[in-house]
Amino acid sequence: MKRNIVIAAVTAAALITGGTATALAVSGDDGGTARQGETRVSEDDAVRGGDARDDDRDDERAVSSKVTAADAIAAALRHTPGTAVSAELEDADDADDDGGKAAWDVDVLSGGGTWHSVRVDPATGKVLGSHADDGDDGDDGIAEVRAALKGTSVDAAEAARAAAVHGTVTSVDLDDDDRRSAAWDVETRSGGKAERDWTVDPGTGKVTADRSDHGDDSADDDNDGDDD
């Protein structure tokens with residue numbers, strides 16, 4: 001019935017003015033509502049949109065951090081002496097401590113064999129807090145880390161500085177799994193691009209692209225490993 005009323009009204013207007021009028025869009029049934037340009041978003045589009053938002057959030061997280069990974073590690077070690085084994089920039093959604101604030105989370109192995117998690121403010125470099133952690137692997141894990149670090153000349157902070165030429169470092173971690181020798185794994189973000197993984201040699205500081213997750217990298221990326 002509503003459709004008929006709309007058509008009748010348009011026809012009447014045309015007769016009165018002596019011109020023409022056009023009904024642009026009318027629903028297909030009498031009980032519907034006239035609509036124009038209805039847009040539907042598929043599930044795939046929604047997923048891609050979510051991924052893009054996550055990437056944007058990671059970019060904002062990296063850019064907003066005035067304290068570099070190397071600076072955060074230095075601050076953590078001044079607070080808790082030992083060996084830094086990893087550092088990760090966590091956003092507020094990932095942070096469990098400090099009231100959900102974004103922070104650098106630095107894992108430090110003390111000389112006494114105790115793991116410490118030290119949180120550093122990414123804006124000021126101030127230590128927000130720390131707590132002792134037994135670690136997942138106990139004494140065996142500590143022994144493996146110490147063995148992996150034995151004889152190395154590049155620490156976590158130096159590995160972060162070496163990889164920083166490729167973008168803003170968001171994490172650095174000692175990787176001693178399935179390798180003949182340990183290496184530093186570093187993640188960077190740069191210019192809105194996807195996160196990149198790098199391997200830093202703990203003996204020489206040489207940076208190479210990690211091919212385990214980026215097997216389809218372009219030929220231009222093959223030159224990334226030329227940086228010392």
Side-chain angles (χ1 to χ4, degrees), residues 54-55 57-59 61-63 65 67-77 80 82-91 94-95 102-109 115-120 122 133 135-137 140-218 220-228:
D54 289 341
D55 288 342
R57 186 180 66 179
D58 289 341
D59 285 338
R61 174 189 65 174
V63 171
S65 176
V67 178
T68 66
D71 292 339
I73 291 170
L77 292 178
T80 305
T83 301
V85 179
S86 70
E88 182 177 4
L89 181 58
E90 296 183 342
D91 61 22
D94 296 330
W104 282 102
D105 187 5
V106 184
D107 287 333
V108 177
L109 179 60
W115 286 104
H116 296 268
S117 177
V118 184
R119 297 182 64 78
V120 179
D133 187 356
D136 295 333
D137 300 327
D140 291 339
I142 292 174
E144 290 177 2
V145 169
R146 286 179 170 170
L149 291 172
K150 187 177 182 180
T152 62
S153 57
V154 177
D155 60 23
E158 291 168 335
R161 281 193 289 267
V165 297
H166 297 291
T168 301
V169 174
T170 56
S171 74
V172 55
D173 182 53
L174 179 66
D175 184 3
D176 59 353
D177 295 334
D178 301 325
R179 297 180 185 268
R180 293 182 180 180
S181 60
W184 293 105
D185 283 347
V186 184
E187 293 182 348
T188 64
R189 297 195 70 87
S190 177
K193 296 180 181 179
E195 200 163 49
R196 293 291 309 276
D197 296 331
W198 308 92
T199 298
V200 181
D201 189 295
T204 65
K206 183 177 179 63
V207 181
T208 57
D210 187 344
R211 301 301 185 189
S212 62
D213 294 326
H214 299 282
D216 295 329
D217 286 341
S218 65
D220 291 340
D221 291 336
D222 292 337
N223 296 324
D224 289 335
D226 295 335
D227 299 309
D228 292 336

Inset, instruction - Given side-chain contact (heavy atoms from CB on, under 4.5 Å), test D210 with R196 step by step and report yes or no. - result: CA-CA 8 Å; D210 187 344; R196 293 291 309 276; over 6 Å; no
Do [X] and [Y] make a side-chain contact, defined as non-hydrogen atoms from C-beta onward lying under 4.5 Å apart?
X: D185; Y: T199; value: yes
X: V108; Y: L77; value: yes
X: V145; Y: I142; value: no
X: W104; Y: V118; value: no
X: E187; Y: E88; value: no
X: V106; Y: S117; value: no

Shortest non-hydrogen contact from [X] to [Y]?
X: H166; Y: S190; value: O-CB, 3.5 Å
X: A84; Y: A156; value: O-CB, 3.7 Å
X: A182; Y: L174; value: CB-CD1, 4.0 Å
X: P122; Y: A102; value: CD-O, 3.4 Å
X: A183; Y: P202; value: CA-CD, 3.8 Å
X: A163; Y: V169; value: C-CG2, 4.3 Å

Measuring from [X]:[atom1] to [Y]:[atom2], what's the distance to the nearest 0.5 Å?
X: S86; Y: I73; atom1: OG; atom2: CD1; answer: 8.5 Å
X: L109; Y: R146; atom1: CG; atom2: CZ; answer: 5.0 Å
X: T168; Y: R189; atom1: OG1; atom2: CZ; answer: 9.5 Å

Inset, instruction - Could you verify whether a donor N or O on one side chain and an acceptor N or O on the other, from T188 and E195, lie under 3.5 Å apart? - result: no
Legend entry - Donor + acceptor pair across side chains of W198, T208 (<3.5 Å): no
Inset, instruction - Return the set of residues passing side-chain hydrogen bond (donor to acceptor under 3.5 Å, both in side chains) with D155 (not counting sequence neighbours), or none when no residue passes. - result: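 D155 satisfies side-chain hydrogen bond (donor to acceptor under 3.5 Å, both in side chains) with no residue once adjacent residues are dropped.
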Inset, instruction - Identify, with sequence neighbours excluded, every residue that meets side-chain hydrogen bond (donor to acceptor under 3.5 Å, both in side chains) alongside T80. - result: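 Checked T80 against side-chain hydrogen bond (donor to acceptor under 3.5 Å, both in side chains); zero matches.
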Inset, instruction - Examine distances only and state if a side-chain atom of S153 and a backbone atom of G203 form a donor-acceptor pair shorter than 3.5 Å. - result: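 Pair found, side chain donor or acceptor close to backbone of G203.
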Inset, instruction - I would like to know whether L149 and T83 meet side-chain contact (heavy atoms from CB on, under 4.5 Å); could you show each step before the answer? - result: CA-CA 9 Å; L149 291 172; T83 301; 3.5 Å; yes
Legend entry - Sole residue of D173, D175, V200, V207 in side-chain contact (heavy atoms from CB on, under 4.5 Å) with W184: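 It is V200; the other options fail the test.
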